[in-house]
Structure formats: C-alpha cells, structure tokens
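What follows is a set of notes on a single structure, which appears directly below.
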Amino acid sequence: AQKVTQAQTEISVVEKEDVTLDCVYETRDTTYYLFWYKQPPSGELVFLIRRNSFDEQNEISGRYSWNFQKSTSSFNFTITASQVVDSAVYFCALGLEYGNKLVFGAGTILRVKS
Amino acid sequence: DTEVTQTPKHLVMGMTNKKSLKCEQHMGHRAMYWYKQKAKKPPELMFVYSYEKLSINESVPSRFSPECPNSSLLNLHLHALQPEDSALYLCASSQFEQTNTEAFFGQGTRLTVV
C-alpha cells in the first residue's frame, strides 16, 4: 500500500527565514513519482515539481529547492528567504508508474508573517 | 495555456435543488478528474475520465453524477445533496490517466448545501 506522511501540520515563520517542509513516503514499487503542490487561499492546487524514483538529483528553482533521498524515503521541500506570498497549504503526493490515483499527504499549512 | 477553468466559483444550493459544476481545459489532456476537498484535508478523488470514458468512480453516492461531453469539458451534476456534501470541488486534468504525469487543477467551486 502507498502512503505519504507530512508530519508537520502547521509551520509559522517570519519573512526571510528559510523553511523546510518534510515529506516521507511508503511504496513497494521501484518506479514511482513524487509531487509537490501549493494550495493558496484561492483554492487552486498549483503544481510545483514532479520527480521520478530514478532521479535523485536535488533540484533548485529560484527560492525553492527539493531534496530527494531514497535511502530515507523522503522528498523534502525548502523555501529560502520566505515571503508572505508563500503562505499556503503544501501537499506532497505519490503516484505509481501504472497507477491512476495520486496519494496525497495530509498537507502542511505554512504561515509566513511580515 | 496551463489553465483549468471551473464555474461557478461559489454555489449555495438547497437539498432539493439540481445544479451542475462545469470544468474546461484546452491543453489537449485526455484525463480529467473530480476531487472533493473538505477544510484542512487533502483532496479526495471522486471520478476519473480517460478519453471521455469514466475510468474510476470512487464509490461516490449517486447524487453526484459526472458527465464528459467532449475531451475539453467535464461536468458534475448535483441532485438532492446533503449538508455534509458542502466542500471545495476541484477539477483537474492531466495528459494521460497514469499518475506519472502532473495534474493541473482549477480553482474549484466552493459548494454550500443548506
């Protein structure tokens, strides 16, 4: 069975602080895909990144970076120099090679205060 | 254009009403989805359409009736809903049904059943 755990229910930081959102996943499949989505108060889930299980390279996109470690089944997300606009709910999700259902974590609420 | 458009954005309906939610995408995606999201919870999959055919029905009550008139449109017909059906309803699309491709979400319809 597949499972995604986001242990941090809510995180509050002050603007310009760095913050890391944790994601731990479980699957027995060797080929799988990991995603991060951002959900601002407007409601839309915004796609941030997709990573396949064979690509363990870390990725950086502007202030965002992702650390994928198969050894610990983790796919953590770091925001550098956080901004108020980063305030949102962030979901980590797992998809399988031949699956047709994303498994979402419970989400982490990030509050960035000015 | 990576946009999924949902209408209406807000809907209040009585338990005896019939209403429809609409979703449109013009990315040429062949899979479209309906999700239900309660407050402070991750999205829950309701239905998946692949190539305009219903692929997955997650045991959703018959008071929710999906329809896919063509490859760009997805409707969700609502009838005799209960107050506990109040939620954010999200539409999404992806290139194919498999979860190895990213899904793009609309802003959702906030439904209140009174």
Side-chain angles (χ1 to χ4, degrees), chain A residues 2-11 21 23 25 27 29-55 59 61 66 75 87-111, chain B residues 2-11 21 23 25 27 29-51 53-60 87-111:
Chain A
Q2 284 66 239
K3 186 178 178 182
V4 176
T5 301
Q6 294 180 255
Q8 303 150 309
T9 304
E10 187 168 336
I11 301 174
L21 310 182
C23 174
Y25 62 92
T27 180
D29 285 46
T30 55
T31 303
Y32 51 88
Y33 299 82
L34 296 164
F35 303 81
W36 275 97
Y37 283 90
K38 172 184 179 181
Q39 187 173 37
S42 58
E44 176 183 4
L45 268 79
V46 178
F47 166 76
L48 297 178
I49 190 172
R50 179 187 66 164
R51 173 66 69 204
N52 76 54
S53 53
F54 296 108
D55 183 1
E59 178 148 345
S61 176
W66 290 269
F75 186 43
S87 297
V89 183
Y90 290 85
F91 290 99
C92 181
L94 169 68
L96 302 181
E97 175 73 9
Y98 298 108
N100 50 17
K101 289 174 56 175
L102 277 178
V103 176
F104 283 91
T108 296
I109 300 170
L110 175 64
R111 301 191 199 278
Chain B
T2 57
E3 195 173 87
V4 176
T5 305
Q6 289 187 244
T7 55
K9 287 189 168 44
H10 300 273
L11 178 63
L21 309 185
C23 175
Q25 59 89 12
M27 294 177 277
H29 288 173
R30 304 320 301 262
M32 295 186 76
Y33 310 80
W34 281 115
Y35 284 85
K36 173 183 177 180
Q37 187 179 24
K38 301 286 273 185
K40 299 189 178 183
K41 296 289 187 182
E44 296 175 21
L45 184 65
M46 299 175 71
F47 302 104
V48 180
Y49 272 83
S50 179
Y51 289 87
K53 290 188 178 358
L54 184 63
S55 172
I56 295 179
N57 175 343
E58 287 288 290
S59 302
V60 179
L88 178 67
Y89 288 84
L90 292 161
C91 175
S93 72
S94 62
Q95 189 174 11
F96 302 111
E97 182 180 357
Q98 284 78 16
T99 53
N100 55 11
T101 59
E102 56 268 32
F104 294 89
F105 287 78
Q107 284 197 326
T109 295
R110 292 192 186 275
L111 173 68

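Heavy atoms from other residues, nucleotides or ligands lying under 6.0 Å from NZ of B:Lys38 number more than 12.
For B:Gln37, the part sitting under 4.5 Å from any heavy atom of chain A is the side chain, from C-beta outward, and nothing else. With a threshold of 4.5 angstrom between heavy atoms, B:Ala92 does not approach chain A through any atom at all. Only the side chain of B:Glu58 comes within contact range of chain A, with at least one heavy atom under 4.5 Å from a heavy atom of that chain. When heavy atoms are compared at a cutoff of 4.5 Å, A:Gln6 does not approach chain B at all.
Separation of atoms OH (B:Tyr35) and CZ (A:Phe104) is listed at 4.5 Å; rounding is to 0.5 Å.
Between B:Glu102 and A:Tyr37, some side-chain heavy-atom pair lies under the 4.5 Å cut-off. At least one side-chain heavy atom of B:Glu97 sits less than 4.5 Å from a side-chain heavy atom of B:Ile56.
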